[in-house]
Amino acid sequence: MLDIKFIRENLQVCKEAAKNKGRDVDWDGLLKLDDKRRELIGLTEKLREERNKLTQDDRERGREVKQELKKLEEELRDVEEKFGLLMLTVPNVPDPSVPIGKDASGNKEVRKWGKLPKFNFPILDHIELAKSLDLIDFGRGTKVGGFRAYFLKNDAAQMELALMWYTLNKLTKKGYTPLIAPSLVRDFTLFGNGQFPWGREEVYKIEKDDLYLAGTAEVPVTAYFSDEILVEKDLPKKFVAFSPCFRREAGSYGKDTKGAYRLHQFNKIEQVIITTAETNNSLTLHEELLANAEEILKDLELPYRVMLMCTGDMGEPQVKKYDIETWMPGRQAYGETMSNSFMGDFQARRLKIRYKTKDGMKYCHTLNNTALASPRILIAIMENYQQKDGSIKVPKVLQQFLNKTVIKR
RNA sequence: GGAAGGGUCGCAUAGUUGGUCUAGUGCGUUCGCUUGGAGAGCGAAUAUCACCGCAAGGUGAUCGCGGGUUCGAAUCCCGCCCCUUCCGCCA
């Protein structure tokens, strides 16, 4: 949600942004409704002013005013509703540093880290490795939990929790407040984050209780301060949050149907920052979130690359977005493991997260990035760390948790 | 699931015979005085949103949300949402 005043004063910028993001907006309709809206507000206010000045002797006129007001208010409500719907279709404006492009092909590689492993033996993918070492049970997973369900087993089960603990700790030491966040959330959190109204199909709904299963801790944690007014000197607020994540994967029925890449349920540690509305500062924090995620991959010694998303490949709310892709030998490709978004005040406006300044109230900026998502990261670990004898080396930073250096039969 | 209570200015609270309440008080915050400095103390200021306006300022709305009664509602009526407490169940 942008500010209508900002739109009026920066119409060209907004039009350009929508065009670059590949979104259609009915600009003429929006501006006409805005004019109509303001006209009606003027008229109703005049009538109310008159009403407020009436005394007991003017009962007759009072009744008349009431009738006129009722008509105008109805008209205004109608206009505001249509206006609100159009406002929801206006996407956020990308930062100038974002490349313009139509789709994923327009994304820009920012940097690569790590040497791709060379294997002098025929490699296995994570599915084969998981089977031979009894690390993930997909068969019984689907028997019990349906399509895309799984059991993590043995060292994989321990490794996932080790990764979570390692990551939560690491960021806590950096001053992030650790949270374990609810996955079951109310609908306003999803509207507030910008998942709704667009992504309804992607979210599980618990009909009976009118609750939803969040696909990421971004949803509950960004909404943590909803409807609150924060103190400027307490910002930024930095969080590192664990949550189980649920995704219907409705738009990707045929995609990644095998293995642990695309799952309906997984665990994730998410970084979330609520900060002041100072774009340069927010961009610095955006880089900090990126660096944190990169550091975790470096600790795990996994080769990765950082991609800067182009205008056409980012969502409505984003101002700037990076993806980090980790090398997965089984695919002979990089696969997305982290996603780092700066939303400007888009989410804060919807969630009413504000702070007080000398010049008045302002909406906060919000940012989020994955810290670690599993089992997807296990694919990279298993495949990159596999040995000729079919075993898997344990990344150094995890050895203390598993009490072993190698996973073998 | 059963029963009761409650949602008011950043926070905490006052306010229910309808107008004098957008709203008192405390805390917090800001400014000033005081001090070598800090604290305490004293004084003053301090809700948000929308619309009009270059500005000063003006007008309107908002006491959970929506509707109703009324010339007029924080205060009365109806519906909804949310929270708390007790009982029950339970990792």
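Only heavy atoms go into these numbers, but all of them, side chains included; no hydrogens, no water, no symmetry mates. Remember, predicted model here, so these are calculated numbers, not experimental data. Each chain gets a letter, A, B and so on, in the order its sequence line appears, and its residues count up from 1.
Among the nucleotides C83(B), G60(B), C51(B), the one closest to the side chain of R48(A) is G60(B). Residue R38(A) has its side chain nearest to C51(B) when only G10(B), C51(B), U48(B) are considered. With distances taken from any side-chain atom of K356(A) to the nucleotides C83(B), C51(B), G10(B), the minimum falls on G10(B). Closest approach to the I41(A) side chain among C83(B), G10(B), A50(B) is made by A50(B) (side chain taken as heavy atoms from C-beta onward). With C49(B), G60(B), C83(B) as the candidates, the nucleotide lying closest to the side chain of E45(A) is G60(B).
Comparing U59(B) with G64(B), their P atoms are spaced 26 Å from each other, to the whole Å. Between C21(B) and U75(B), the distance separating the two C1' atoms is 10 Å to the nearest Å. G58(B) and U20(B) have their C1' atoms separated by 23 Å, with the value rounded to a whole Å. A gap of 24 Å separates the P atoms of G6(B) and G24(B), to the nearest Å. The same atom, C1', is picked in A91(B) and in G79(B); the two are 37 Å apart, to the nearest Å. A gap of 23 Å separates the C1' atoms of C90(B) and A4(B), to the nearest Å. Separation of the P atoms belonging to U16(B) and C71(B) is 25 Å when rounded to the nearest angstrom. Nucleotides U48(B) and G10(B) place their C1' atoms 11 Å apart, quoted to the nearest Å.
When the C1' atom of A50(B) is taken as reference, atom CZ of R8(A) falls 11 Å away, rounded to whole Å. The nearest whole Å value for the distance from the CD1 atom in I229(A) to the P atom in A47(B) is 12 Å. Remark: C1' of C49(B) and CZ of R354(A) are 8 Å apart, rounded to the nearest angstrom. We find that NZ of K5(A) is positioned 8 Å from C1' of A50(B), with the value rounded to whole Å. If you measure from atom CE of M361(A) to atom P of U46(B), you get 15 Å, rounded to the nearest angstrom. L230(A) places its CG atom 20 Å from the P atom of G28(B), with the value rounded to the nearest Å. The CD-P distance, from E228(A) to C9(B), rounds to 13 Å in whole Å. The nearest whole Å value for the distance from the NZ atom in K36(A) to the P atom in C51(B) is 17 Å.
Nucleotide C76(B) forms a Watson-Crick or G-U wobble pair with G68(B), both donor-acceptor distances falling under 3.5 Å. Base pairing analysis places C54(B) opposite nothing; no Watson-Crick or G-U wobble pair with both distances below 3.5 Å involves it. When both pairing distances are held under 3.5 Å, U20(B) makes no Watson-Crick or G-U pair with any nucleotide shown. Using the Watson-Crick or G-U wobble rule with both distances under 3.5 Å, U48(B) pairs with A61(B). U84(B) and A4(B) make up a base pair, with Watson-Crick or G-U wobble contacts both under 3.5 Å. With a cut-off of 3.5 Å on both Watson-Crick or G-U wobble distances, the partner of C42(B) is given as G32(B). The partner of A12(B) is U25(B), by the rule that a Watson-Crick or G-U pair needs both atom distances under 3.5 Å.
In the model, Q195(A) has no side-chain atom that pairs as donor or acceptor with a side-chain atom of Y212(A) under 3.5 Å.
A cation-pi arrangement is not found for R8(A) relative to F6(A), the charged atom failing to lie both closer than 6.0 Å to the ring centre and inside a 45° cone about the ring normal. Taking the centre and axis of the six-membered ring of F191(A), the NZ or CZ atom of R350(A) falls outside the cone set by 45° and 6.0 Å. Both tests hold for R37(A) against F83(A): distance to the six-membered ring centre under 6.0 Å, angle to the ring axis within 45°. Relative to the ring axis of Y261(A), R331(A) places its NZ or CZ within 45° and under 6.0 Å from the centre.
Counting only residues at least two apart or in different chains, ring-ring contact (aromatic ring centres under 6.0 Å, His included) contacts with residues 328-362 of chain A comprise W327(A)-Y334(A), F342(A)-H365(A).
The residue among T44(A) and D227(A) whose nearest nucleotide of RNA chain B is located toward the 5' end is D227(A).
When the shell of 6.0 Å around OH of Y204(A) is examined, it contains more than 12 heavy atoms from other residues, nucleotides or ligands.
The residue K233(A) sits apart from the nucleic acid: no heavy atom pair falls under 4.0 Å.
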